[in-house]
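Residue numbers start from 1 in every chain, and the chains themselves are labelled A, B, ... in the order their sequence lines are given, proteins ahead of strands.
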Protein chains: 2
Amino acid sequence: MSPVIEGLLAHRSIRRFTDRPLPPDLLDTLIRAGQAAASSSFLQGVSVIRVTDRELRSAFRDIAAGQVQVEQAAEFLVFCADLHRSSRCCEWQGRTPTEGFTEQFIIATVDTALMAQNVVVAAESEGLGICYIGAIRNDPARAAGLLALPRHVYPVFGLCLGYPDQDPEVKPRLPVDVVLKENRYDDSGDRERIAEYDRTMNDYYLSRGSNNRDATWSGQMAALLGRESRPHMRGFLRDRGFEMK
Amino acid sequence: MSPVIEGLLAHRSIRRFTDRPLPPDLLDTLIRAGQAAASSSFLQGVSVIRVTDRELRSAFRDIAAGQVQVEQAAEFLVFCADLHRSSRCCEWQGRTPTEGFTEQFIIATVDTALMAQNVVVAAESEGLGICYIGAIRNDPARAAGLLALPRHVYPVFGLCLGYPDQDPEVKPRLPVDVVLKENRYDDSGDRERIAEYDRTMNDYYLSRGSNNRDATWSGQMAALLGRESRPHMRGFLRDRGFEMK
């Protein structure tokens with residue numbers, strides 16, 4: 001197994017960081033590593049906003065339900081799906097850009113995630129820890145306003161980066177045979193596999209170093225899927241030019 | 001710079017592969033490396049369908065506008081955003097899953113992309129080449145039918161994996177200062193930066209080893225954004241339970 005794969009398998013989110021800043025130029029290198037990811041139709045539909053302003057950091061912590069690492073990490077980046085840049089290219093060539101297609105939304109969102117994951121892998125290879133902050137979508141309109149995002153740009157998630165001040169366990173993942181199927185989606189047998197995984201996760205949650213609780217994965221999923229999920233997202237995206245037509 | 005970052009920066013898509021198969025167990029390892037990526041609310045909202053059946057491969061090549069690597073690569077995987085699995089967990093616990101939220105669509109789509117990019121990084125570290133196949137969204141209903149995908153599962157993209165039988169150049173990316181901003185989205189100056197990048201890309205397209213043409217990045221973007229973008233996606237997703245409410 002390559003050292004790269006060993007590194008990937010060792011990933012866990014870091015939520016407590018030391019004060020140590022990133023060395024000069026490392027952030028640029030990480031962004032370039034991110035940009036090296038594939039991009040659909042070579043759209044490169046991503047902008048990254050580095051948040052250094054203390055008041056902005058505090059506001060983002062507020063949006064993210066008070067998660068302290070948003071303020072404390074050496075770096076906090078907001079990854080944005082960006083169709084504004086390519087639309088401007090279209091206008092510069094005297095053409096009227098189409099807008100609002102669900103497909104364009106998917107392309108830019110996927111581009112953003114591919115790039116971010118490369119940034120994460122690069123960062124971890126340099127000894128940094130990371131934590132994705134999906135909770136900026138708690139109030140995406142405020143997040144977009146804080147960063148002066150134009151129409152056709154939306155904040156997909158935040159990313160905290162810094163040197164770890166904790167060493168949490170790796171969280172067990174679903175069994176491979178639940179996730180990987182051959183030629184057709186056949187989930188017969190998955191209920192038993194997931195029940196076994198629930199026991200693994202219950203042991204993990206009961207015995208890990210912090211935030212112990214008596215929980216299972218399918219119980220978490222029931223809670224998650226049993227409630228409304230950020231119902232404001234649709235209206236927010238429509239307001240920003242993502243019509244989903 | 002870490003060897004991992006050097007590897008990321010060396011990425012280019014591979015579209016011609018040797019006949020050599022993957023060694024036993026490597027695919028499982030790659031999937032585990034993919035699963036190690038972060039997952040929003042730990043949804044793990046991804047299923048991967050490995051397509052080994054020759055007729056299925058041929059059908060997918062057809063969907064993907066005839067791209068030969070879909071048939072010829074040692075492996076062809078279809079990455080699917082999956083809310084079916086977590087919905088079942090909800091039902092097993094006697095609860096009715098909510099469905100159709102745009103937010104859920106984003107979570108599962110992002111999960112899928114993060115996982116896939118880890119698979120890609122892992123694969124390249126083992127000497128494999130890869131090519132994402134977004135073109136399976138040319139006919140996502142047929143793709144879903146071929147793989148017997150249930151409701152609440154949609155095919156986001158395909159991925160070819162195999163040993164490279166070509167050595168294409170790395171494609172230049174946008175300048176970092178176009179993509180990375182500080183504290184606010186400020187694209188003043190980007191027109192000039194992109195014009196400079198267009199010259200870089202024009203040199204690249206004119207001089208690369210194959211498929212030479214007189215093109216620029218912003219010209220490509222104008223063509224891309226100037227036309228309708230897979231207008232069937234919205235209806236397809238609605239039919240599959242992704243209401244975008």
Side-chain angles (χ1 to χ4, degrees), chain A residues 2 4-5 8-9 11 28 31 33 35-36 38 40-41 44 48-50 52-53 56 86-87 89-90 93 95 97-98 101-104 109-110 113-114 117-118 121-122 125-126 132 134 147-149 173-174 176 180-185 218 221-222 224-226 228-230 233-234 244-245, chain B residues 2 4-5 8-9 11 28 31 33 35-36 38 40-41 44 48-50 52-53 56 86-87 89-90 93 95 97-98 101-104 109-110 113-114 117-118 121-122 125-126 132 134 147-149 173-174 176 180-185 218 221-222 224-226 228-230 233-234 244-245:
Chain A
S2 73
V4 172
I5 294 178
L8 296 174
L9 291 172
H11 165 76
D28 265 31
I31 296 296
Q35 292 183 271
S40 183
S41 301
Q44 305 183 73
V48 180
I49 317 289
R50 179 190 185 200
T52 56
D53 180 90
L56 276 181
S86 43
S87 294
C89 290
C90 206
Q93 312 250 346
R95 300 180 65 164
T98 62
F101 288 101
T102 302
E103 168 68 9
Q104 295 169 336
T109 301
V110 168
L114 298 184
Q117 189 57 20
N118 256 19
V121 171
S125 80
E126 292 282 351
Y132 280 102
L147 303 178
L149 300 185
R173 263 52 179 179
L174 283 166
V176 170
L180 178 64
K181 308 293 185 186
E182 191 165 344
N183 292 320
R184 54 184 288 115
Y185 192 105
S218 59
M221 291 306 104
L224 185 70
L225 272 285
E228 287 201 322
S229 185
R230 296 190 178 120
M233 280 307 291
R234 180 71 200 88
M244 304 292 188
K245 69 185 176 188
Chain B
S2 73
V4 172
I5 294 179
L8 296 175
L9 291 172
H11 165 75
D28 265 31
I31 296 296
Q35 291 183 270
S40 183
S41 300
Q44 304 184 73
V48 181
I49 316 290
R50 179 191 184 200
T52 55
D53 181 271
L56 275 181
S86 44
S87 294
C89 289
C90 204
Q93 312 250 345
R95 300 180 67 164
T98 62
F101 287 101
T102 302
E103 169 68 10
Q104 295 169 336
T109 302
V110 168
L114 298 184
Q117 189 57 19
N118 256 20
V121 171
S125 80
E126 293 282 350
Y132 280 103
L147 303 177
L149 301 184
R173 264 51 180 181
L174 282 166
V176 171
L180 177 65
K181 308 293 186 186
E182 191 164 343
N183 293 321
R184 55 184 287 116
Y185 192 105
S218 59
M221 291 306 103
L224 185 70
L225 271 287
E228 287 200 323
S229 185
R230 296 189 178 121
M233 282 305 293
R234 181 71 200 90
M244 304 293 188
K245 70 185 176 189

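- For the set Asp28(A), Leu224(A), Asn118(A), Val4(A), the count of heavy-atom pairs under 4.5 angstrom toward chain B peaks at Asn118(A).
- Here the closest non-hydrogen pair linking Gln93(B) and Ser218(A) is NE2-OG, 3.4 Å.
- For Ser41(B), the parts lying near chain A are the backbone and the side chain together; criterion is any non-hydrogen pair under 4.5 Å.
- The greatest number of non-hydrogen atom pairs below 4.5 Å with chain B, out of Met244(A), Arg234(A), Glu228(A), Lys245(A), is found for Arg234(A).
- When atom types are taken as modelled, the side chain of Gln44(B) and the backbone of Leu174(A) share a donor-acceptor pair closer than 3.5 angstrom.
- Expressed to the nearest 0.5 Å, how far CZ of Arg184(A) lies from CG of Asp53(B) amounts to 11.0 Å.
- Of all heavy-atom pairs spanning Ala113(A) and Ala113(B), the tightest one is CB-CB, 3.5 Å.
- To the nearest 0.5 angstrom, Leu8(A) atom CG is 12.5 Å from Gln35(B) atom CD.
- Of the atoms belonging to Ile31(B), it is side-chain heavy atoms, and not backbone ones, that fall under 4.5 Å from chain A.
- With chain B as the partner, the residue from Leu149(A), Val121(A), Val176(A) showing the most heavy-atom pairs under 4.5 Å is Val176(A).
- The candidate with the highest count of non-hydrogen atom pairs below 4.5 Å against chain A, out of Met221(B), His11(B), Arg50(B), Glu103(B), is Glu103(B).
- With rounding to the nearest 0.5 angstrom, the CD1 atom of Ile49(B) is 8.0 Å from the CG atom of Leu180(A).
- Both the backbone and the side chain of Thr52(A) come within contact range of chain B, judged by heavy atoms closer than 4.5 Å.
- Contact annotation for Arg230(B): both backbone and side-chain heavy atoms come within less than 4.5 Å of a heavy atom of chain A.
- Contacts between Glu182(B) and chain A at a heavy-atom distance below 4.5 Å involve backbone atoms as well as side-chain atoms.
- When every heavy atom of Ala36(B) is checked against every heavy atom of Arg173(A), the shortest pair comes out as O-NH2, 3.2 Å.
- For chain A, the nearby part of Leu56(B) is the side chain; its heavy atoms alone come within less than 4.5 Å.
- Taking Ser2(A), Ala38(A), Gly134(A) one by one and counting their heavy-atom pairs under 4.5 Å with chain B, the maximum is reached by Ser2(A).
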With side chain to side chain contact (heavy atoms under 4.5 Å, CB included) as the test, would you mind laying out the steps for Tyr132(B) and Val110(A) before giving the verdict?
CA-CA 11 Å; Tyr132(B) 280 103; Val110(A) 168; over 6 Å; no

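- Ranked by non-hydrogen atom pairs under 4.5 Å with chain A, the options Thr109(B), Thr98(B), Thr102(B) are led by Thr98(B).
- Contact annotation: the side chain of Leu225(B) never approaches that of Cys89(A) to less than 4.5 Å [non-hydrogen atoms, C-beta and beyond].
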